[in-house]
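First listed ligand is number 1; within each ligand, the first listed atom is number 1. Source: prediction; values computed, not measured. When reading the values below, keep in mind they use all heavy atoms of this one structure, side chains included, and skip hydrogens, waters and symmetry mates.
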Amino acid sequence: MQQAIAILDSGVGGLTVVKEVMRQLPREKIIYFGDTARAPYGPRTPEEVCSFTEQIVDFLSQFDPKMIVIACNTATAAALEYIKGKVNVPVIGVIHPGARAAISATKTGQIGVIGTLGTIRSGAYITALKELNPGVEIVSKACPTLAPLVEQGRYETPEALELVQESLTEIRFYSLDCLILGCTHYPFLKKEIRQVMGPNVKLISSADETAREISTILYQKNCLARGNEIPIHQFFCSGDPEIFRKIALQWLGEQIELTPIVWQVANPS
Ligand code: DGL
């Protein structure tokens, strides 16, 4: 049996990474968990997000994955280092790949970052970007209304454009050449974000670069899937399976095998 890549997010946002992994690594089997019952993670404390992430990693570990991808910026900021110390397989997040993609795309060194409250408060993008190039200038802005909008399937609506306009009011007046979509839900709103930011700002999503990093790690470890077996991906979500199924079908363009999970422990909030 082929070992899978485990991918997790607070909800449907990690599907933006799943789509790229399916495109770049079509032989790889994916096991995905979207914690839709407890999304959004953005307003929660880092401790809470870390404990939710650990719980999901424990759940996914029963499938013996060959690597774990925290496809959620908020959970990456709060839990990546902790989870790395806890499991014996490679673990990656989406912040370093996103930062790398922005550094390679910027010409002027003026980079914007949008994300959840948790991600922006953590300063994780500033640290990651400055580690790569201390000379870049960064403007960041939390956009707390956007992930819930996507989670409810209300992207591609007039309301979505209004909320994006409102969220980007300040940041669009900076002279940026790149804007990092520092939340895996935001590629669902790329059209609206493009409309508001204009054609000259490159929109950076970490999905491509994260899939490339997965591919590099699996290649180096000699763990890439072989053979012609078509992988059957498995999806789990903790909230309403119907909305998850609908969004996944729209985004991935295929039906998914989805199992709803009810957490047995109390939701602390
Ligand atoms: N998709 C997540 C991220 O990349 C979090 C959205 C949320 O649950 O607030 O940060």
note = min-distance protein heavy atom vs atom 2 (C) of ligand 1 -> Cys72 SG, 3.3 Å

request  = Kindly determine whether Phe59 and Phe236 satisfy ring-ring contact (aromatic ring centres under 6.0 Å, His included), including the steps that lead there.
outcome  = CA-CA 10 Å; Phe59 174 84; Phe236 298 90; 5.0 Å; yes

ask   = So which heavy atom on Gly153 is nearest to which on Ile243, and how close?
value = N-CD1, 4.1 Å

note = Near Ser10 (heavy-atom distance under 4.0 Å), the atoms of ligand 1 are 5 (C), 6 (C), 7 (C), 8 (O)

Protein heavy-atom partner closest to atom 3 (C) of ligand 1 - residue, atom, separation in Å = Asn73 N, 3.2 Å

message = With the threshold set at under 4.0 angstrom, would you say Gly115 reaches ligand 1 through any of its heavy atoms?
response = no

query = Quick one: does Tyr186's side chain have a donor or acceptor within less than 3.5 Å of a partner on Gly115's backbone?
reply = yes

query = Trp251 versus Pro187: any side-chain heavy-atom pair under 4.5 Å?
reply = yes

Min side-chain heavy-atom separation Leu161-Val196 under 4.5 Å = yes

query = With only distance considered, is Gly42 within less than 3.5 Å of ligand 1 through an N or O on each side?
reply = yes

key: Shortest protein heavy-atom distance from atom 1 (N) of ligand 1, along with the residue and atom involved   = His185 ND1, 2.7 Å

note = For Glu151 and Gly11 the tightest heavy-atom approach is OE1-CA, 3.4 Å

Test of proximity, Thr116 against ligand 1: N or O pairs below 3.5 Å = no

task = Flag the pair Leu179 / Lys202 as yes when at least one side-chain heavy-atom distance between them is below 4.5 Å, and no otherwise.
result = no

inquiry  = Looking only at the aromatic ring of each residue, does the gap between the centers of Trp263 and Phe33 stay below 6.0 angstrom?
reply    = yes

ask   = Counting heavy atoms only, which part of Asp9 comes closer than 4.0 Å to ligand 1: side chain, backbone, both or neither?
value = side chain

message = Does only the side chain of Ala147 get under 4.0 Å from ligand 1, or the backbone, or both, or neither? Count heavy atoms.
response = side chain

request  = Using a strict 4.0 Å cut-off to heavy atoms of Thr74, name the atoms of ligand 1 that fall inside it.
outcome  = 3 (C), 5 (C), 10 (O)

Shortest protein heavy-atom distance from atom 7 (C) of ligand 1, along with the residue and atom involved = Tyr41 N, 3.3 Å

